[in-house]
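Worksheet: one structure, shown below.
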Amino acid sequence: MSPQEESFFPNLEGRKRLDLIFKWIFFSANLVGLLVLLVLAVKIVLDSWGWLDVQFITSFPSRFPEKAGILPAIYGTVYLMIITALFAIPTGIAAAIFLEEYAKKSKFLSLIQINIYNLAGIPSIVYGILGLTVFVRWLNLGRSLLAGGLTMGLLVLPVVIVTAQEAIRAVPESLRHAAYALGATKWQTVRYVVLPSALPGMLTGIILALSRAIGETAPLIPIGALTFIRTIPKSPLDSFTVLPIQIYNWTSRPQDDFRAIAAAGIVVLLAVLICMNSAAIFLRNKYQGRTKEL
Amino acid sequence: MSMESVISIRDLRVSYKDHEVLKGINLDIYKNKITAIIGPSGCGKSTLLRCLNRMIDLVEGARISGKVLFKGEDIYSPKVDPVRVRFKIGMVFQKPNPFPKSIFENVAFGPRINGYKGDLSALVERSLRWAGLWDEVKDRLGENAYALSGGQQQRLCIARALALEPEVLLLDEPCSALDPVSTMRVEETITHLKERLTIVIVTHNIQQAARVADYTAFLLQGELVEFGETSRMFTVPKDKRTEDFITGRFG
């Protein structure tokens, strides 16, 4: 035996076996998520079979299952997302730019930072109550789309801020230096160097934020989105409902047919979600290609 | 014959927290000459360079005292805006740092943000020619700068700085990330450029200083040990420490 063989017991077979075991553990962990999603999708599609048609998508809710439709909820969700995005994206990105590029490191700054992390963990119903107090009552916006959109915007704001901060932090310092050395001001550096490079990362956060917002019901219940709506909202100050609330409404009906209609509503919600996410991912990949580093 | 000095450094001190990095530097940078700043790692040569265009302002916790006179005006006077200083005094960094934009847009960046009124394409072409890169990139100006090799990227960064027609160009170890052939191209570029402007180059490569610099300043632990014409300093150094450093006994 060589001196090496005397001092070591490599047990390569045992180590390789462990490799294999862990590989399968990690793989099955993925399977859990995948299977749940598959079962869910199949069950929902089967339940909704026969109910998801043009009539369903273009009609208003009704107490007769065969006449019931989801049109106002689709409009409500799309409009709500637009208001949420218009509020949360600029505000969130601007806040992130301040925290990362302008603010001096201080105790006060870390206090703000901790608060933003905490805000991300607050239960969504609390935002609903906040929205009711501030937007519906104080600002007198009523139980409107605008109040709902702003409330939802507040809910997702911390996620937008934190992911935008991470994206800004990932921009190499050397690029900022290059801009400053060419006589750029702070804003020019942010606008022409930092933001273009951080955009793909910011879009990821926005996708996450809006995906969360589209499925939320709790913050909208205090705002008053639970009402039975027979009109399409025409202005931001009109009352509204959204897909998840409409779905919840239907599941609480006694008739069996409404459960199938709820399933059809879920399919519509998933479709809207997938559309929105694909659009965002498409945008992200487009910009990522442009700013990719070696 | 008396030389015209573009930058005069007077009793310049820089410290980070309690640590003094530059301990009273006095140095003149002469017009249309290449001045090399050499010294071992941590001697403060990069800090000194950064003081010349106020990039040192971006280093958190750095305290500066003394004067840096650019054509007679102290760039640390409260009346002077650092953005204006950097507009007049260009800089090229250790690692090539092109923007993730096209080759054209990289060179056009400085002129654009500073409101250039002339013909931008002509300016971009001229800058790329001065940096010795034009022939290699003239057919692919729209390509992303990251598609270039490291050496080409560094010459692009030089072109980018030249596009503002600065009077002084500062180079912070511009070849430390490059292979020997690329280094040679960059050195050629620098040598040609001194007709147009004044160059200060920080290098850890003694041979590079000997090859390109008219004047050399030797820095050790934050102090200027010796300054003079390169040819003289490399043949008859006045200080024992200079001799030890350039003969490779330490550093």
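Below, each value reflects all heavy atoms present in this structure, side chains not excepted, and no hydrogens, waters or symmetry copies. Here is how names work: the chains are called A, B, and so on, in the same order as the sequence lines, proteins then strands, and each is numbered from 1.
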ask   = Between B:F99, B:F93, B:F87, which shows the greatest number of heavy-atom pairs under 4.5 Å with chain A?
value = B:F99

Nearest 0.5 angstrom please: [X] [atom1] to [Y] [atom2], how far?
X      : Y      : atom1 : atom2 : value
A:Y180 : B:M91  : OH    : CE    : 15.0 Å
A:H177 : B:K95  : NE2   : NZ    : 12.5 Å
A:Q188 : B:F109 : CD    : CZ    : 7.0 Å
B:R112 : A:L182 : CZ    : CG    : 13.5 Å

Does [X], at its [atom1] atom, have more than 12 non-hydrogen atoms belonging to other residues, nucleotides or ligands within less than 6.0 Å?
X      : atom1 : value
A:Y102 : OH    : yes
B:E188 : CD    : yes
B:K31  : NZ    : no
B:R84  : CZ    : no
B:Y76  : OH    : yes
B:Y116 : OH    : yes

Measure distances from [X] to the heavy atoms of chain A and classify the residue's part below 4.5 Å as side chain, backbone, both or neither.
X     : answer
B:E60 : side chain
B:L58 : side chain
B:P98 : backbone

request  = Using atom types as modelled and distance alone, determine if a side-chain donor or acceptor of B:N97 lies under 3.5 Å from a backbone N or O of A:E173.
outcome  =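 No, B:N97 side chain to A:E173 backbone: no donor-acceptor pair under 3.5 Å.
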
Student check: side-chain heavy atoms of B:P100 and A:P196 closer than 4.5 Å = no

task = Over all heavy atoms of both residues, which pair between B:R160 and A:A178 is shortest? Give the atoms and the distance, please.
result =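 So the minimum-distance heavy-atom pair works out to NH2-CB, 3.3 Å.
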
